2 protein chains.
Amino acid sequence: LKNYALGIDIGGTSIKGAVFSIDGRVAFLTAMPTEAEKGGKKVLDNVLFLIRALIDKHGTTKNVVGIGIGTPGSVNEKGIIIGGAQNLPGWEGTEIVKPIRKKSGLPVVVTNDALAMTLAEWRFGAGKGLDNIVCLVLGTGFGGGIVANGRMYKGAHGLAGELGHVSVDYNGYPCACGQKGCVECYASATGIVRMAIQVSAGLARNRRTAFSKLVAAKPRDLTSKTVYDYVKLRDAAALKINEMVCEKLARVVGIVINAFAPDRIILGGGVMNAGTAIIDMTWKYVTRYSLPGSRDHCKLVRARCGQNAGVIGAAQLVFEGPIGNKNV
Amino acid sequence: LKNYALGIDIGGTSIKGAVFSIDGRVAFLTAMPTEAEKGGKKVLDNVLFLIRALIDKHGTTKNVVGIGIGTPGSVNEKGIIIGGAQNLPGWEGTEIVKPIRKKSGLPVVVTNDALAMTLAEWRFGAGKGLDNIVCLVLGTGFGGGIVANGRMYKGAHGLAGELGHVSVDYNGYPCACGQKGCVECYASATGIVRMAIQVSAGLARNRRTAFSKLVAAKPRDLTSKTVYDYVKLRDAAALKINEMVCEKLARVVGIVINAFAPDRIILGGGVMNAGTAIIDMTWKYVTRYSLPGSRDHCKLVRARCGQNAGVIGAAQLVFEGPIGNKNV
């Protein structure tokens with residue numbers, strides 16, 4: 001009986017891998033650095049190494065249905081990485097399906113990392129049982145995934161849901177994608193850190209706070225987690241930055257409400273460890289950026305599957321996707 | 001054999017009605033003024049009158065499956081109009097399903113007018129055979145409809161696809177919906193006329209054109225059709241207005257590409273009689289506002305079902321929707 005799947009989640013910083021059972025249990029979980037700066041070939045080598053380690057640990061491939069992979073961007077019909085992989089230089093254009101299939105002897109299915117997380121939240125998390133949900137993933141970058149009419153919505157080449165590249169300010173910050181003012185430039189870990197440094201530097205002497213002094217002293221050590229540690233302490237500068245982040249995030253949430261009228265919008269990714277500080281402030285602005293009919297029906301909630309949502313969703317895709325027997 | 005349906009398309013200016021056969025033929029088509037300014041009850045009376053006229057003309061209800069109605073906004077589970085009906089004052093809150101069912105003795109299904117048009121284009125027009133399309137309807141207002149994974153996407157209460165209320169300028173023109181800079185304020189007949197008057201009034205004496213002089217002389221007679229008559233004549237002021245319209249429209253088209261990665265985006269509605277003048281200029285700007293991976297896959301085309309798309313789609317919904325046997 002084939003009742004296991006391997007899940008791989010390729011992130012900007014680390015690659016996670018898991019052996020996942022068909023009853024929704026993670027049997028084994030591990031991770032290693034992505035080493036994105038060493039280029040696409042090295043990333044692929046690391047993925048292959050991690051898969052080898054998972055198979056060794058599991059002991060056999062006989063009861064494994066296949067390998068599910070979540071990646072920034074997506075793959076085309078030739079199994080080559082396309083689109084949206086700006087956080088992994090050299091990753092676009094890498095052929096990944098064939099080498100992984102060859103080395104592992106297992107079927108391989110690839111999807112966008114945010115879409116994998118969406119699948120996890122839909123089956124096991126904050127979107128369980130709902131037919132229309134949109135997940136926004138606030139990590140190093142900003143991803144999105146859509147469930148429409150009770151099915152994953154992939155669009156052309158699986159590239160749908162790139163909601164991080166919706167512009168929220170057409171005269172705004174130049175995004176790596178070539179557009180201006182993409183929400184990824186504001187409501188992602190990278191964007192939050194950038195804005196925090198900018199805001200702290202711009203504060204008049206008498207408005208400086210414990211947080212802004214810390215940022216000025218060690219700007220390179222700043223993470224979005226630190227920003228939200230100080231939001232918890234009600235530091236005025238940190239609170240201002242959170243409001244800036246949430247106001248921009250609310251613009252995209254508003255567009256999502258008007259365009260999709262979903263049952264629920266789920267916010268996930270590392271940044272969302274901040275929890276209600278983001279949810280509540282964002283919702284305050286959403287009322288300004290959406291139509292009441294759809295908004296009243298929709299809830300904005302935090303993801304529930306935690307930091308392993310991506311790897312769980314990637315593995316779950318094996319049971320449900322092109323390899324499996326459900327038509328997600 | 002029940003092989004006919006009635007279609008009703010409720011617009012800001014006129015109500016259209018048609019008897020439509022299951023083989024895709026319009027047997028009889030008629031229209032009357034909406035008289036929106038007289039309030040919701042009068043609009044409903046006019047709809048009932050038109051249905052009566054269609055049934056009289058058709059001669060029987062024995063071979064009629066039901067009545068499909070396209071309306072601004074949508075209906076809730078009680079058959080009451082909700083949301084997005086700003087062009088029909090007093091229409092929101094009107095109970096329409098029960099009185100129509102009672103007077104006609106036929107099953108009634110209601111959908112958003114842009115969604116009805118989308119269904120027509122999907123079955124008979126520019127989206128035929130495709131699984132993922134988005135229609136944008138540039139009429140008095142600006143509507144939208146989505147087909148996702150080979151099914152109509154309705155979202156909560158059928159309110160999905162309100163792409164006219166995506167903001168393209170957060171400091172822009174105040175929209176009737178309460179938001180600022182909605183694309184409806186620019187790329188709709190109403191928005192085009194408003195911008196044309198504004199631009200014409202602001203031209204320096206030595207930049208005035210035949211078009212701007214006409215507008216200055218008779219601003220109240222101006223329609224979007226006149227604007228595009230002068231675009232055809234290469235009038236500089238009219239060309240400038242078209243570029244402003246298309247630049248704003250391109251922002252929403254870009255968001256649609258990034259979010260949905262559809263196979264095709266279809267532009268319909270009365271404004272699109274302008275054809276390639278809008279398609280070509282909009283696409284020029286779309287490259288600035290979208291990710292290449294999804295954009296390269298997507299085509300921007302003009303609707304094909306013409307001015308009766310709404311009424312055809314409303315009738316077709318009867319064969320396919322909750323009354324019919326296909327799960328759209």
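Everything numeric in this text was worked out from a predicted model, so none of it was measured. Order of the sequence lines sets the chain letters (A, B, ...), proteins ahead of strands, with each chain counted from 1.
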>> Is there a side-chain contact between A/D169 and B/Y170 in this structure, where contact means two heavy atoms from C-beta onward sitting under 4.5 Å apart?
In response: no

> Any donor-acceptor pair under 3.5 Å linking the side chain of B/Y153 with the backbone of A/A148?
Replying inline: no

>> Please identify, among B/A259, B/S167, B/G155, the residue contributing the most non-hydrogen atom pairs under 4.5 Å to chain A.
In response: B/A259

> Could you give the distance from CG (A/N171) to CG (B/N171), rounded to the nearest 0.5 Å?
Replying inline: 8.5 Å

> Of the non-hydrogen atoms in A/A160 and B/A261, which two are nearest, and what is the gap between them?
Replying inline: N-CB, 3.7 Å

>> I need the residue from A/I146, A/N76, A/V168 with the largest number of non-hydrogen atom pairs under 4.5 Å to chain B.
In response: A/V168

> Say you draw a straight line from CD of A/Q179 to CZ of B/R288; how long is it, rounded to the nearest 0.5 Å?
Replying inline: 11.0 Å

>> I need the A/I82 CD1 to B/S294 OG distance, nearest 0.5 Å.
In response: 7.5 Å

>> How long is the straight-line distance from CZ of B/F260 back to CG of A/L159, given to the nearest 0.5 Å?
In response: 14.5 Å

> Is any side-chain heavy atom of A/I255 closer than 4.5 Å to a side-chain heavy atom of B/I255?
Replying inline: yes

> Which distance, rounded to the nearest 0.5 Å, do you find between the NE2 of B/H165 and the CD1 of A/I257?
Replying inline: 14.5 Å

> Between B/G144, B/G161, B/G254, which shows the greatest number of heavy-atom pairs under 4.5 Å with chain A?
Replying inline: B/G161

>> Out of A/S290, A/G164, A/G178, A/C182, return the one with the most heavy atom pairs under 4.5 angstrom to chain B.
In response: A/S290

>> Test side chain to side chain contact (heavy atoms under 4.5 Å, CB included) on A/N149 and B/K154; report intermediate values, then the result.
In response: CA-CA 8 Å; A/N149 294 331; B/K154 284 171 274 189; 5.7 Å; no

> Of the backbone (N, CA, C, O) and the side chain (C-beta and beyond), which part of B/S74 lies under 4.5 Å from a heavy atom of chain A, both, or neither?
Replying inline: neither

> Taking all atoms of both residues into account, what is the closest heavy-atom pair of A/C177 and B/L291, and its distance?
Replying inline: CB-CD2, 3.7 Å

